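Encoded as structure tokens, the structure appears first; notes follow it.
Keep in mind that what you see is a predicted model, and the values were worked out from it rather than measured.
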Amino acid sequence: MKLDLDGPQSPRKGNTMQITGETDLFFIVGSPVRHFRAPIMFNDYFASKGHNFSCAGLHVLPDDQAATFELVRKTDNIKGLCITIPHKINAVPLVDRLTDVGKRIGSVNFVRRETDGSLTGHNIDGQGFMRGLANNGFDPKGADVVQVGVGGVGRAIAFSLAASGIGRLTLINRDPLKAQRLATEIHDATGVTVVALDAGENPDLSRATLLVNATSVGMVGNIALPLDIAGLTAATTVADVVLKPDETELLAAARALGCRCVPGTAMLKPQIELCEEFLYGGAQQAGG
Amino acid sequence: MQITGKTAIVLMLADPVDHIRGTVLINDQFAALGLDAVIAPIHVHPGDLAQCLDAVRLMHNVRGLGITIPHKIAAVPLMDELSHSARRLGAVNFIRRNPDSTLTGTNTDGIGFVTGLAVNGVELDRKRALVVGAGGVGRAIALALVDKGLQELVLANRDAAKAEALARDIAELAPACRVRVVEAHGPDALDGVDLLVNATSLGMRQGDPLPLSLDRLGRETVVAEVIVNPTMTPLLEAATARGCKVVGGAEMLKPQPRLVAEFFGLIQ
């Protein structure tokens with residue numbers, strides 16, 4: 001999922017940030033950037049972890065991303081970048097190396113500048129999602145998962161789920177061929193049983209322990225249910241990647257049935273935590 | 001300070017960068033002026049300056065740059081446009097990124113200094129000033145003083161030829177102002193001087209000699225300094241002991257954030 005760049009702001013910490021020549025700089029590269037609120041959350045979180053760190057947005061057009069990356073290579077007080085719309089896929093050939101996750105997902109949402117100036121691309125969408133689930137008390141061990149949507153975010157989530165000990169994954173997508181391809185890929189990589197549904201085929205929600213919406217259906221401007229929820233019971237945890245509104249049609253319906261609900265915002269804090277680990281936590285977390 | 005996507009970003013280009021603390025003062029003053037703007041230092045090697053400036057042209061929320069050692073002169077030929085002050089000083093200390101991605105360089109050292117004097121109630125019109133030091137800062141200050149209607153400017157520099165060259169430039173730019181060059185340690189350097197400015201680095205390190213002989217410093221002379229650290233240089237201490245009004249180096253920096261914000265168009 002993407003960061004909620006225009007989401008709610010965290011509590012004000014006062015004017016504590018002092019930017020000097022010893023400060024590690026971090027930029028969120030996007031276009032547009034005016035709606036970004038994420039720098040506030042980054043600055044508060046990194047300050048709370050004791051880092052001399054400052055985050056700001058950087059408005060760069062798609063064609064100009066390479067020049068920005070070149071500058072970052074040459075600037076040794078820049079610690080890294082967050083890459084957001086519309087740059088995440090274009091960033092892949094612009095970094096010097098990808099983490100395993102970045103390679104598998106084929107998109108980059110965080111970049112770390114190494115001390116030799118080289119750039120390492122990473123993707124923490126999947127990890128962020130998994131940590132959001134864990135924070136909401138969901139244990140993926142043996143889970144029967146139904147997931148709608150296999151785009152960039154869906155791909156990241158499906159791989160992370162498959163790597164976390166689930167029992168079965170059912171994929172649903174508007175273009176069923178795409179779901180089929182991802183199902184084969186995940187099965188080959190992890191051995192997990194993955195089923196891709198054909199067009200018009202309905203999942204058996206009565207046995208699902210986790211239902212994931214990884215499409216943009218339900219967000220402001222596209223208020224609807226991403227799938228028919230006939231058969232859904234209170235035994236299923238329902239997670240949605242949509243950030244606005246916080247309670248989507250899907251989550252509202254699930255809540256009415258008594259389901260445990262995990263909103264898109266549950267993945268926000270974990271992303272910033274994972275970014276901190278990626279930038280400062282040493283190489284062992286970087287492979288993710 | 002809360003940074004969001006609306007915040008105007010200003011980058012301070014420097015090499016080295018670790019010692020940079022001036023950004024704290026500028027950020028505090030941006031905040032005090034109610035501006036949604038932030039300045040952060042970035043470490044740019046001299047060989048990468050042109051590429052860095054080109055990258056900045058492509059960064060649409062970067063409002064401008066601060067330029068410090070060692071980039072102030074090297075940046076001049078890389079500008080699309082220079083302000084009057086930058087052109088005649090041959091050095092820039094701030095660059096505005098215009099909405100069409102062009103870059104305009106300016107130099108606020110001189111205007112910062114005279115604004116600092118004005119804030120401290122020092123009159124310049126029809127006055128006589130002695131500036132010791134004819135390097136980059138001395139030149140900026142000398143020209144800005146002349147702009148304020150000085151009657152006579154006296155220049156002193158260890159390398160007298162450099163002072164002579166500056167004197168010739170000033171004679172050409174401002175024929176109304178009398179200019180002469182003196183020997184800093186000469187007995188009569190301070191005679192009739194209303195304002196003494198130290199624009200050398202003497203006084204920064206412990207054990208530095210005074211920049212000029214103070215034997216004939218009278219209490220009616222205002223003494224101003226460009227050195228920020230220490231706050232009280234031996235020159236300012238000696239001047240205070242004689243009852244002179246003194247203006248410290250920080251006074252030259254304090255007006256600059258507002259001047260820069262105006263240059264960037266953040267304050268109308």
More than 12 non-hydrogen atoms from neighbouring residues, nucleotides or ligands closer than 6.0 Å to [atom1] on [X], yes or no?
| X | atom1 | result |
| --- | --- | --- |
| B/Arg158 | CZ | no |
| A/Arg131 | CZ | yes |
| B/Ile267 | CD1 | yes |
| A/Asp63 | CG | no |

Can you see which heavy atom on [X] is nearest to which on [Y], and at what distance?
| X | Y | value |
| --- | --- | --- |
| A/Ala67 | B/Ala55 | O-CB, 4.1 Å |
| B/Asp18 | A/Glu22 | O-CG, 3.4 Å |
| B/Gln51 | A/Glu70 | NE2-CB, 3.4 Å |

Part of B/His43 lying under 4.5 Å from any heavy atom of chain A:
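Both backbone and side chain.
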Per-residue contact mode, B/Ile26 against chain A (heavy atom under 4.5 angstrom)
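No part of it gets close to chain A.
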Name the option with the most non-hydrogen atom pairs under 4.5 Å to chain A; the candidates are B/Asp15, B/Val24, B/Val38.
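Of the options given, most contacts go to B/Val24.
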Among B/Leu58, B/Val62, B/Val17, B/Ile20, single out the residue with the greatest number of heavy-atom pairs under 4.5 Å to chain A.
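Maximum pair count with chain A is reached by B/Leu58.
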Here's a test for you: under side-chain contact (heavy atoms from CB on, under 4.5 Å), which of B/Thr7, B/Thr4, B/Asn61, B/Ile9 qualifies with A/Val33?
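Among B/Thr7, B/Thr4, B/Asn61, B/Ile9, the one that satisfies the side-chain contact (heavy atoms from CB on, under 4.5 Å) with A/Val33 is B/Asn61.
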A/Thr75 and its side-chain contact (heavy atoms from CB on, under 4.5 Å) partner, picked from B/Leu11, B/Leu13, B/Ile42:
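Answer after filtering B/Leu11, B/Leu13, B/Ile42: B/Ile42.
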Answer with side chain, backbone, both or neither: which region of A/Phe69 has an atom nearer than 4.5 Å to a non-hydrogen atom of chain B?
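Neither part.
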Tell me, for A/Leu58 versus chain B, whether the close heavy atoms (under 4.5 Å) come from the side chain, the backbone, both or neither.
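Backbone plus side chain of A/Leu58, per the 4.5 Å heavy-atom cut-off to chain B.
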How long is the span from the CZ atom in A/Arg37 to the CD atom in B/Gln2, to the nearest 0.5 Å?
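That separation rounds to 6.5 Å.
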Please determine, among A/Gly57, A/Pro32, A/Gly21, A/Ala56, the option with the most heavy-atom pairs under 4.5 Å with chain B.
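When all of A/Gly57, A/Pro32, A/Gly21, A/Ala56 are compared, A/Gly21 has the most.
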With no hydrogens and no angle check, is any side-chain donor or acceptor of A/Asn43 less than 3.5 Å from a backbone partner on B/Ile3?
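Not at all, since once roles are kept as given, no pair shorter than 3.5 Å links the two residues.
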Backbone N or O of A/Ile19 within a donor-acceptor pair of the B/Asn27 side chain at under 3.5 Å?
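No; judged by distance alone, with no hydrogens or angles, the pair does not exist.
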